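Here the structure is laid out as structure tokens; the discussion comes afterwards.
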Amino acid sequence: MSTTAPNPPVRTIAIIGGGFAGTTLAKSLHGRMPAGWQLLLISEESYTTFNPMLPEVVGAGVFPEHVVAPIREMLPGVRFVMGAVSRIDKAAQRLTCDTLHGPLEFAYDHLVLALGQRARLDLLPGMAEHALPLKLVGDAMHIRNRVLQALARVELCDDATQRLALAHFVVVGGGFSGVEVAGALADFVKSASRHYPRTRAAGFGITLLHDGDRLLPELPPALGDAAERSLSRRGVHVRCGTRAARIHADAVELSDGQRLPSATVVCTVGTRPNPLVEALALSLQRGRIATEADGRVRDEPALWALGDCAAQPNARDGLICPPTAQFAVAQAKALANNLLLTLRGQPTKPFAYAARGMMATTGHLKGVALLFGLRLSGLPAWLLWRGYYLLRMPTLGRKTRIWVEWTWGLFFPLDITHLRFTRTTEVDRGTSNSSVPK
């Protein structure tokens, strides 16, 4: 009598996080896994957000659906679970995930943390109550709606003090996000104000606050200065060496006691670890998971980390990798190779990468860029920025949609639609999830 041997259990590499790092890692591993191994990708959202393009959403340069890509479409053949991991048992190598179908447990043999970071809302007094962070697509849409609400309120308000606060927009932070959102807001408000005659007559203002000596400290000083000049020509009041001390409902209080009237304050500074990272009690370095050069979490043989949540050394220069999309993608490709080496029982390799460059837009048709040591500003840098992120978009269809939208924007004014998402059951109650300022 013959018997059939039972199939060996399938072993799993689980990835938590569906951003640039997590999806690139899954894509790099898919199709290369040894027999008996499978991939599992878990993400709280069903899509990847192209965060560098969020200022374009704020400024109505693109629609929100253009800066996201469905993970299932990006990674056909990879098992994907949309859910929030609530617990990781490192000893048992199991994790608990809250899904649409309720809590589920998954076993893993290797676990990769690609969680990114969260916005820190307690950096300044009043920040959590009155400032607007820019980390998610929902944040970008909320900021855009708040700007349109402010313009509409100026049309209805006769109080000069209130009008001054409503028509003044403040951005805190002179890094890449701050510079880009300030430029996008300048273009958007200027275009939209044509349809708000009282706002246009009274005038509006945009101020960018940065506590450093110059904008974009990651770039050479000449490019930071070029960014400041570009923003100033668009009407943005750039104030370097200026620190915000407190944010009020109608003003920003500076460290010297001065108050800037503003009812709309966008904060692009401050990050904190994902709560899951804090719960794991791992060794952190400035809020990021300390890893070895190959991406393995220190003293954790089955745990790896990459992207914004990881403080991974770069063997090329000995520095910790910056939390940028460019490095997240490079780390993911290197970690895929190291995981495969580990599965084969071979030694891993340290991550070594030379940055190709950095870019920022300062508004429509303007930008600054450093590419392989070449410094660009103005239209060439803007075109380079758009070309790079267009190439990063998955699928030809999505690339085409964004290209068409960008081309449309070259010839027609920006969209000023304020989407309220009012449901039928809310009409008579006069409520909406985005109808009134928060």
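Everything quoted here is computed from the prediction, not taken from an experiment.
Crowding of R79 atom CZ: a count of heavy atoms from other residues, nucleotides or ligands under 6.0 Å not exceeding 12. Counting heavy atoms of neighbouring residues, nucleotides and ligands inside a 6.0 Å radius, atom CZ of R344 exceeds 12 of them. Environment of NZ in K90: crowded, with over 12 heavy atoms of neighbouring residues, nucleotides or ligands closer than 6.0 Å.
Annotation: side chain of L306 is not in contact with side chain of F351 (no heavy-atom distance under 4.5 Å). Between V170 and V266, every side-chain heavy-atom pair lies at or beyond the 4.5 Å cut-off. Looking at heavy atoms from C-beta onward, T48 lies in side-chain contact with M74 at the 4.5 angstrom threshold. Using a 4.5 Å heavy-atom cutoff, the side chains of N314 and I320 are not in contact. Taking the side chain as every heavy atom from C-beta outward, V78 and I71 never approach each other to under 4.5 Å. In this structure the side chain of D139 reaches within 4.5 angstrom of the side chain of K135, judged on heavy atoms. Counting only heavy atoms from C-beta outward, the side chains of L121 and R272 never approach each other to under 4.5 Å. Looking at W382 and H364, their side chains come closer than 4.5 Å, going by heavy atoms from C-beta outward.
Taking 4.0 Å as the cut-off between side-chain N and carboxylate O, K399 and E405 do not count as a salt-bridged pair. Contact check on E253 versus R243 returns no salt bridge, with no Lys/Arg side-chain nitrogen under 4.0 Å from an Asp/Glu carboxylate oxygen. For the pair D109 and R11, the salt-bridge criterion is met [side-chain N within less than 4.0 Å of a carboxylate O]. By the 4.0 Å N-to-carboxylate-O rule, R234 lies close enough to D187 to be salt-bridged with it.
To the nearest 0.5 angstrom, D299 atom CG is 8.0 Å from S283 atom OG. Here CZ of R239 is found 13.0 Å from CG of D211. Values are rounded to the nearest 0.5 Å. For the atom pair CH2 (W403) and NE2 (H66), the distance works out to 13.5 Å, reported to the nearest 0.5 Å. R146 contributes atom CZ, which lies 9.5 Å from atom CD1 of I143 (distance to the nearest 0.5 angstrom). Residue L25 holds its CG atom at 9.0 Å from CG of L41, rounded to the nearest 0.5 Å. Interatomic distance, I289 CD1 to Q117 CD, rounded to the nearest 0.5 Å: 9.5 Å.
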Check the pair V62, W406 against side chain to side chain contact (heavy atoms under 4.5 Å, CB included), reporting the backbone distance first and the verdict last. CA-CA 7 Å; V62 294; W406 276 346; 3.2 Å; yes
Determine, stepwise, if the pair F80 / M82 fulfils side chain to side chain contact (heavy atoms under 4.5 Å, CB included). CA-CA 7 Å; F80 170 66; M82 187 177 75; 4.0 Å; yes
Check step by step if salt bridge (Lys or Arg N to Asp or Glu O under 4.0 Å) holds for R246 and E129. CA-CA 11 Å; R246 180 180 292 272; E129 296 82 5; over 6 Å; no
Stepwise side chain to side chain contact (heavy atoms under 4.5 Å, CB included) test for F176 and L216: CA-CA 6 Å; F176 288 97; L216 302 173; 3.9 Å; yes
Quick one: do L340 and N338 satisfy side chain to side chain contact (heavy atoms under 4.5 Å, CB included)? Show the steps, please. CA-CA 5 Å; L340 294 174; N338 279 335; over 6 Å; no
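No close placement of the Y389 and F50 rings is indicated, their centers lying 6.0 Å or farther apart.
Residues D294 and T348 have side chains that bring a donor and an acceptor to within less than 3.5 angstrom of each other. Side-chain contact annotation: Q312 with W304, donor-acceptor N/O pair under 3.5 Å absent. If you check the side chains of T207 and H168, you find a donor sitting under 3.5 Å from an acceptor. Judged by distance alone, the side chains of Y353 and Q326 do bring a donor and an acceptor atom under 3.5 Å apart.
Across A244 and V252, no two heavy atoms sit closer than the pair CB-CG1, 3.9 Å. Of all non-hydrogen atoms in L151 and A192, the two that sit nearest each other are CD1-CB, 3.9 Å. The shortest heavy-atom contact between R259 and A251 is NH2-CB, 3.6 Å. Residues L341 and P347 approach most closely at CD1-O, 3.5 Å, considering heavy atoms. The minimum heavy-atom distance between V236 and A186, with the atom names listed, is CG2-CB, 3.8 Å. Of all heavy-atom pairs spanning P103 and T96, the tightest one is CB-CG2, 4.5 Å.
Proximity of a side-chain donor or acceptor of R32 to a complementary backbone N or O of L29 within less than 3.5 Å is not detected. Remark: the backbone N or O of G363 is not paired with any side-chain donor or acceptor of T361 at under 3.5 angstrom.
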